[in-house]
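Presented below is the structure to which this report refers.
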Amino acid sequence: MKRLSPGFNRYFSHRKSPTLNSNTFHNHPSFTSNQRAQPKPISHASILQQVKHPNPIKQVHANIVTSGLSQNIFLSNRLTNSYSLCGLMEDAEHVFHRISDKNTVSWTILISGYAKNHLFIEAIEVLRKMITVSLLPNEITISSILPAFGNMGLNQMGRSVHCFWIRNGFATNVFVETALVGMYSKLGFAGAARQVFDGMSERNVVAWNAMISCYSGCGFGEEGFRLFNSMRREGFHVDCFTIMSLISASSGVEDLRVGEGVHGLTVRNGVESDQLVKTALMDVYVNGKRIEDAYFIFNDMPVKDVVAWTLMLTAFSSGQYWNKAIEHFNEMRRVEDLELDSVALTGIMSSCSDSGALHQGRRVHALAIKTGFAHDVFLGSAIIDMYANCANLEDARKYFEGMEEKDVACWNAMIVSNGMNGYGNDAVDLFLQMKCSGINPDESTLVCVLCACSHAGMVDQGLHIFHHMVRTWNIVPNLRHYACVVDLLGRVGRLGDAYSLVNSMPFHPDFDVYCALLSACKIHGNIELGIEISEKLFQLEPNDAGYYILLSNMYALAGNWECVKMARVSLRSKGLKKDPGFSSIEIDGELYTFMAGQKDHPQYFEVEGILKCMIVRIQEAGYVPDTKSVLQELSDDVKSDMLYHHSEKLAIAFGLGRTKPETTIRVTKNLRTCNDCHFACKFISKVFKRVIVVKDANRFHVFREGVCSCRDYW
DNA sequence: ATAGGGTTAG
């Protein structure tokens with residue numbers, strides 16, 4: 001017998017210090033009194049059962065071969081299973097193929113192995129081969145293959161296997177039925193899942209959990225909670241899987257009290273120490289924008305894994321605490337034994353993208369290269385997005401062209417990047433190239449191309465692509481697409497066409513559609529239609545601050561200050577707040593964020609003088625404050641002062657003071673930039689001989705020598 | 001030998 005390698009030791013987690021020599025198998029704790037009858041197979045098998053890492057499995061494998069036991073079907077099956085469990089499907093296949101008389105168990109192990117490794121097509125293929133050699137799948141084979149149909153959306157195949165099961169008159173089996181519930185749940189057929197569930201003669205916790213998670217996954221969270229109550233009435237013990245399903249049921253509910261209730265349940269059922277439960281709870285609070293509560297749970301975790309760290313990172317990023325996100329990421333890198341993965345890198349990359357932090361983004365890109373993740377397509381699309389969002393289309397393009405593998409998301413990111421910069425023709429070219437390279441456009445592609453056409457005023461092109469994609473790519477247009485087309489038509493002034501599209505499309509118009517129409521009304525001065533749309537929006541969602549603002553802005557444009565006041569008062573009486581506008585600028589790798597009128601900003605003393613000087617200089621060059629941009633009834637002096645303190649101007653003034661002459665100034669704004677700031681930026685670029693890049697919520701504006709890249713069309 | 005759970009981009 002060959003000696004096992006010393007590395008074998010550390011894979012025995014349950015044994016403190018096994019002495020490893022050829023006697024190990026015989027000394028193994030699971031070794032029982034029948035050792036004399038069949039000593040070797042049992043010891044090999046029991047070791048295989050406990051070992052979860054590739055190397056010791058290979059050792060045992062070699063040992064089996066050298067002991068002349070390779071034809072033992074029981075051992076070969078176990079070996080196939082061990083390889084499958086640690087993801088080595090090639091080795092599993094290898095062992096499987098050497099079994100001369102494969103039985104149902106051998107086939108089932110291989111099928112379940114592929115399914116567990118999410119190789120569903122392979123799993124189905126093995127099942128097909130199994131049937132061709134005239135072996136009938138048993139109840140375990142069936143429960144192993146069902147998830148494959150669910151995950152692949154293979155509705156027909158799943159149903160036919162379900163029929164096969166019934167036709168063959170197998171006795172009811174809780175595993176198969178639970179797997180059927182899971183399959184129908186993944187396919188989105190909550191009704192079919194419930195039918196199976198109701199027909200079960202025996203139900204265990206797993207079956208209840210599967211049904212509850214089905215409801216929460218299909219968006220029927222309340223039904224999930226109702227089922228949970230029945231489950232408790234019937235006396236079933238709640239485990240952490242139940243809690244996980246309830247958490248995901250509650251994360252769809254806006255009312256955070258539901259989430260808090262589940263948090264309480266978690267504590268009462270003693271599963272609050274589970275790592276996954278904690279992470280899921282963090283997610284509930286993150287979704288409810290209660291980042292401090294999430295942070296509390298995070299800090300309370302005795303062991304923080306990379307997922308928890310990453311979730312916290314994206315929480316800071318989504319809350320626009322960008323510096324905190326960067327700080328958190330740096331902290332994360334210092335944690336010992338915490339390996340960064342592509343998800344973590346993608347998280348920080350998209351944070352850099354959202355904040356316009358180009359230097360930080362470059363650092364993360366370098367880190368991605370160093371850690372070998374630079375070719376991950378997920379991270380790749382985030383890298384493209386980051387360069388493009390930081391007004392660096394050239395680097396986005398360079399990276400994109402160097403990519404070995406591009407998926408549809410990478411193409412979409414590149415198309416949208418061109419669109420945001422106003423390069424409509426390039427965006428359309430990319431779209432055509434994408435089709436030539438064999439990548440199928442998806443629903444987002446259509447959005448990206450339509451936006452690009454819209455920004456560039458390419459109405460006919462846009463309409464053509466819309467109709468073409470719907471006809472030949474069988475893309476079913478959704479509300480987002482209609483909003484893009486409304487925008488496309490509205491921007492160039494075809495308000496009538498836009499309006500009749502809104503009335504004839506097969507959906508009730510939503511926020512995006514009305515907003516597209518409304519902004520067209522604003523651009524083209526159709527106040528009457530604008531007020532009509534604003535009121536519709538207002539009725540749609542009377543508790544959203546955004547709609548009050550829109551309505552009041554429309555009244556302001558019409559000069560109806562009475563109505564403006566009414567809208568503002570009702571806004572305040574409901575205690576609603578609108579999202580404040582802010583602009584950020586990155587200087588020496590640090591982000592500075594300014595809010596409009598924020599005179600208590602730590603850098604305000606530094607900005608104040610430069611700002612005053614900047615305003616005077618551009619006024620000399622012909623700038624006049626556009627007081628119409630202030631949508632409140634105030635004196636012109638007060639209006640001008642408000643305009644001078646818009647967040648973009650504060651950030652630009654700060655940038656002028658902190659950077660060398662001729663350096664490009666890049667500012668990122670969370671909302672759309674106003675008319676006055678746009679007007680002022682042209683003068684600033686000319687007077688101070690600077691290129692100014694303003695990224696607003698919509699697109700890029702590159703101001704150079706008094707002209708903007710958007711050609712005043714946004 | 002069999003079923004159910006957390007993070008990321010467009």
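Protein chains get the first letters and strands the later ones, always in sequence-line order, with residue 1 at the start of each.
Between A:Phe400 and A:Trp411, the ring planes are perpendicular. Angles over 60° get that label, and only those under 30° would be called parallel. Aromatic ring orientation, A:Phe120 versus A:His118: perpendicular (interplanar angle above 60°, classes split at 30° and 60°). Between A:Tyr295 and A:Phe316, the ring-plane angle classifies as perpendicular under the 30° and 60° cut-offs.
At a non-hydrogen distance threshold of 4.0 Å, A:Asp407, A:Val408, A:Ala409 from residues 406-414 of chain A come into contact with DNA chain B. Applying a 4.0 Å cut-off to non-hydrogen atoms, the residues of residues 175-184 of chain A that approach DNA chain B are A:Phe175, A:Thr178, listed by residue number.
Both stacking criteria are satisfied for A:Phe241 over the base of B:dG4: a centre-to-centre distance under 5.5 angstrom and an angle between ring planes under 30 degrees.
For A:Pro147, the side chain to side chain contact (heavy atoms under 4.5 Å, CB included) partners two or more places apart in sequence, or in a different chain, are A:Asn151. With sequence neighbours left out, A:Thr668 forms a side-chain hydrogen bond (donor to acceptor under 3.5 Å, both in side chains) with no residue at all. Considering only residues two or more places apart in sequence or on other chains, A:Ala179 meets the side chain to side chain contact (heavy atoms under 4.5 Å, CB included) condition with A:Ser143, A:Leu146.
Among the heavy atoms of the strands lying under 4.0 Å from A:Asp283 are primed sugar atoms or P, OP1, OP2 only; no base atom is included. Within the nucleic acid shown, A:Asp274 comes within 4.0 Å of at least one base atom, counting heavy atoms only. A:Asn204 comes within 4.0 angstrom of a base, heavy atoms only. Nucleic acid contact for A:Asp305: base, since at least one base atom lies under 4.0 Å from a heavy atom of the residue.
Distance A:Asn151 CG to B:dG5 P: 9 Å, rounded to the nearest Å.
Across B:dT7, B:dA1, B:dA3, the shortest atom-to-atom separation from the side chain of A:Val307 is found for B:dT7. Here B:dT2 is the nucleotide among B:dT2, B:dG6, B:dG4 with the atom lying nearest to any side-chain atom of A:Ser112.
A salt bridge does not link A:Arg333 with A:Glu339: none of the charged nitrogens is closer than 4.0 Å to a carboxylate oxygen.
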Only distances under 3.5 Å count here; give the side-chain donor-acceptor pairs of residues 180-187 of chain A to other protein atoms, sequence neighbours excluded, each with its distance to 0.1 Å.
| from | atom 1 | to | atom 2 | distance (Å) |
| --- | --- | --- | --- | --- |
| A:Tyr184 | OH | A:His162 | ND1 | 2.8 |

